[in-house]
Amino acid sequence: MLDSPRPRSPNPSSYNDKYNPSSSSTTGTLRRKSGLKSRATQILAIRFGWVVLVIWYEVGDFFHALSTCRFPDSELLPPGKGKGKGTAGQTSHLVLLADPHVPHPRLSYGPDSRPWINALRQGMDELFMRKSWNVVMRLGRVDGVVVVGDMLDWGRGDMSDTEYVLLLPLYMKILISRYDDYHALFRSIFTLPPSVPMHFVPGNHDLPLGPNRLFSPYARDRYAKYFSPPNSVLPIANHSLILLDAVGLVEEDYRRYAAETQFGEWDGVAGGVIEFVKGLGDGKLLSAEETRV
């Protein structure tokens, strides 16, 4: 009959290597878990780098790029008058603002979108526009602003006078009643001193191109009331800027084409854009503006 195997006693040397803190294997493990080469430190460094990059490209790079943007007075003034105190009044500073597309809290978003997501997007868009405009107004003296179209993202939309938009029904109420409140939102973002005028050129988001059930039949009247006449001549600094209703020009030209009439033979709509263009060709509108100035 075979004897049962005797339990072996552990090897003293292996026992000491395993449990002795001063052994070479334990010391190597401790070295690997400390210092700049450890995995935890590397992950922390990567996270910190990502945070720095996000802050730089969202804030730092934005202000750094605009810090070099200045009105080119030294290039426009005569030689030797670039740094005089009285030379600033010899130039006119005109800011061109293109396609701000101020969103409507309800109509600019899909009907199936979540209200809190719409509120977040609305707030971020307004915040970015306010930040950008504040920087522009710190670049120097501004004598006038020309907005070249699409002031409102849904300016052509069908909004009744009794319509109210509930943006955040749970914890915050932002009501936009009627078109004038939507227009007031634009004015609250792009603020100007009372002495600085703002001029407008209509875009396809301000005036509708053709009939559509989503577009208001009063869009053109609203635009003329709250912004400016669609067609005008702006005299500034010995120049005449022609602010033209390109949307109305395309729409009226469609009618001319459907009537199979040449442009020179088309009398145009009374008070329309083609009548305005022909008045420019005759020199009547320009001479009237120069006489008024």
Side-chain angles (χ1 to χ4, degrees), residues 52-103 122-153 155 182-206 223-224 226-246 285-286 289-293:
V52 171
L53 288 176
V54 170
I55 294 177
W56 168 251
Y57 284 107
E58 287 293 330
V59 181
D61 186 59
F62 175 81
F63 287 101
H64 178 265
L66 289 178
S67 63
T68 59
C69 182
R70 292 290 184 272
F71 291 105
D73 292 347
S74 58
E75 300 178 6
L76 299 176
L77 293 174
K81 296 184 178 181
K83 297 183 179 180
K85 293 183 179 180
T87 58
Q90 299 180 14
T91 59
S92 296
H93 297 166
L94 188 65
V95 174
L96 296 181
L97 177 62
D99 299 282
H101 282 270
V102 174
Q122 181 82 16
M124 292 298 293
D125 288 343
E126 292 184 21
L127 178 63
F128 181 80
M129 285 187 284
R130 294 180 192 274
K131 178 184 70 172
S132 302
W133 186 246
N134 289 333
V135 173
V136 170
M137 296 306 295
R138 292 199 300 265
L139 297 180
R141 189 192 75 256
V142 176
D143 299 314
V145 178
V146 176
V147 189
V148 288
D150 292 345
M151 282 71 72
L152 304 177
D153 180 63
Y182 191 22
H183 165 261
L185 176 61
F186 171 87
R187 295 286 188 175
S188 69
I189 296 174
F190 303 101
T191 58
L192 284 174
S195 59
V196 179
M198 180 177 283
H199 310 278
F200 305 95
V201 179
N204 66 314
H205 282 254
D206 305 309
Y223 178 88
Y226 290 99
F227 288 104
S228 65
N231 304 290
S232 60
V233 178
L234 172 63
I236 182 172
N238 201 28
H239 291 74
S240 296
L241 302 183
I242 300 174
L243 310 182
L244 189 67
D245 176 15
L285 295 176
L286 292 177
E289 292 292 338
E290 293 173 357
T291 303
R292 186 179 63 181
V293 175

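As the structure is a computational prediction, the values presented were derived from the model and not from experiment. Residue numbers start at 1 and run along the sequence shown.
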### Query
Do the non-hydrogen side-chain atoms of D153 and Y182 ever get within less than 4.5 Å of each other?
yes
### Message
Just to verify, what does L53 make a side chain to side chain contact (heavy atoms under 4.5 Å, CB included) with, not counting sequence neighbours?
### Response
W50, Y57
## Note on the structure
Interatomic distance, NE2@H199 vs CG@L241, rounded to 0.5 Å, equals 8.5 Å
### Query
Heavy atoms, side chains only, cut-off 4.5 Å: are V196 and M137 in contact?
no
### Query
Is any side-chain heavy atom of S228 closer than 4.5 Å to a side-chain heavy atom of Y223?
yes
### Query
What are the two closest heavy atoms between G149 and P100, and how far apart are they?
O-CD, 3.7 Å
### Query
How about F71 and T91: do any of their side-chain heavy atoms sit closer than 4.5 Å?
no
### Query
With no hydrogens and no angle check, is any side-chain donor or acceptor of Q122 less than 3.5 Å from a backbone partner on P103?
yes
### Query
Is the side chain of D206 donor-acceptor paired with the backbone N or O of G203 at a distance under 3.5 Å, no angle test?
yes
### Separation between CG of N134 and CG of L139, rounded to the nearest 0.5 Å
11.0 Å
### Query
Under 3.5 Å, side chain of D150 to main-chain N/O of N204, donor-acceptor pair present?
yes
### Task
For the residue pair F227 and M198, establish whether any side-chain heavy-atom pair is separated by less than 4.5 Å.
no
### Query
With no hydrogens and no angle check, is any side-chain donor or acceptor of D245 less than 3.5 Å from a backbone partner on N231?
no
### Message
Which residue is it: H205, M129, H183? I am looking for the one with a side-chain contact (heavy atoms from CB on, under 4.5 Å) to V102.
### Response
M129
### Query
Atom CE of M151 and atom CZ of F186: how far apart are they, to the nearest 0.5 Å?
6.0 Å
## Note on the structure
Between A237 and S92 the two heavy atoms that sit nearest each other are CB-OG, 3.5 Å
### Task
Would you mind reporting whether L97 and V146 have side-chain heavy atoms less than 4.5 Å apart?
no
### Message
On a heavy-atom basis, which atom in L192 and which in W133 lie closest, and how many Å separate them?
### Response
CD2-CZ2, 3.7 Å
#### Entry: Spacing of R187 atom CZ and L185 atom CG [to the nearest 0.5 Å]
12.0 Å
### Query
Are any of the side-chain heavy atoms of D73 and H93 separated by less than 4.5 Å?
yes
### Task
May I ask you to test the V147-F190 pair for a side-chain heavy-atom distance under 4.5 Å?
no
